[in-house]
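Some notes on the structure that comes next.
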Amino acid sequence: MQIHDTIRDIKSQFRLFMNGVISQSMREKGMGYKLNFGIEYPRIKEIAQRYPKDHQLAQALWKENIRECKIMATLLQPVDTFYPEIAEIWVEDMQYPELAEYAVMNLFQYLPYASESAFCWMADGREYFQLCGFLLMARLLMKKMKLSERAEAEFLDQAFTALEDESFRVRKSAVLALCKFGLQSRDNRKTLGKMLGAAAKNAGPELAGCLDEIKAEIEMA
């Protein structure tokens, strides 16, 4: 079956499960895709399981300005042909946080260069690169990735800087990554506790809220 035939088949299945109420709600929240079927993620994942992972298919799906096609692309893209330059193109193309979350969850965390990309993206000034960077770092820390002393210092510096970013999304993703770091070990919580205390001395309301959220999370560990 040709790529365009496969995509036509996928779209026909999307139409069967279209949810107009959810689609309308997403549009009202600013998600301006050319087409949005309003299908919930578990259903998209279920449909994706009917197709083999295929690089050309995933790339074609990503190029469609259709929410469900882009999400399915993150499920059908093979890791071994997803080169760093393609990852950069995908992140540059992102306009909605859920795409960053699904790309990190379904694809980015499994890349052989995931750690390298996480550090590179966290230091990038562009919102979606930072968002993907911190979300990816959170995933890697959840998978028990251990940071060297130098890497730890770099991560903490980037994350605490991001806590004061003008983007709410970047701040929240940095909070998440710091929480995952703190939950890794007692030593990490001790390191984080000292930095939280120092940062709190001159914190404005927004930063203080982030610091309190991290403190509450690691204190439950």
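One-based numbering along the sequence shown. A quick note: this is a predicted structure, and the numbers were derived from the prediction, not measured.
Using cut-offs of 30° and 60° on the angle between ring planes, the pair Trp90 and Trp62 is parallel.
Every residue meeting the salt bridge (charged side-chain N to carboxylate O under 4.0 Å, His left out) condition with Arg126, not counting sequence neighbours, appears here in chain and number order: Glu92, Asp124. For Tyr83, the side-chain hydrogen bond (donor to acceptor under 3.5 Å, both in side chains) test picks out no residue, with sequence neighbours left out. With sequence neighbours left out, Glu164 forms a side chain to side chain contact (heavy atoms under 4.5 Å, CB included) with Leu207. For the side-chain hydrogen bond (donor to acceptor under 3.5 Å, both in side chains) test, no residue two or more places apart in sequence or in another chain qualifies with Glu68. With sequence neighbours excluded, the residues satisfying side-chain hydrogen bond (donor to acceptor under 3.5 Å, both in side chains) with Thr74 are Asn106. Here Lys11 pairs with Glu64 under the salt bridge (charged side-chain N to carboxylate O under 4.0 Å, His left out) rule; sequence neighbours left out. With sequence neighbours left out, the side-chain hydrogen bond (donor to acceptor under 3.5 Å, both in side chains) criterion links Asp165 to no other residue. Checked against ring pair (Phe, Tyr, Trp, His ring centres under 6.0 Å), Tyr110 has no partners two or more places apart in sequence or in another chain. Remark: Arg189 pairs with no residue by the salt bridge (charged side-chain N to carboxylate O under 4.0 Å, His left out) rule, at least two apart or across chains. Taking the ring pair (Phe, Tyr, Trp, His ring centres under 6.0 Å) definition, one finds that Tyr128 meets it with nothing, sequence neighbours left out. With sequence neighbours left out, Tyr33 forms a ring pair (Phe, Tyr, Trp, His ring centres under 6.0 Å) with Tyr96.
Across every non-hydrogen atom of Leu163 and Ala174, the tightest pair is CD2-CB, 4.0 Å. The two residues Gln130 and Ser173 come nearest to each other via the heavy atoms O-OG, 4.3 Å. Listed here is the closest heavy atom pair of Leu131 and Ala100: CD2-CB, 3.8 Å.
The local environment of CD in Glu46 is crowded, with over 12 non-hydrogen atoms from other residues, nucleotides or ligands closer than 6.0 Å.
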In residues 133-156, what donor-acceptor pairs under 3.5 Å come from side-chain atoms, sequence neighbours left out?
unit_1: Lys143; atom_1: NZ; unit_2: Gln109; atom_2: O; d: 3.1
unit_1: Ser148; atom_1: OG; unit_2: Ala151; atom_2: N; d: 3.1

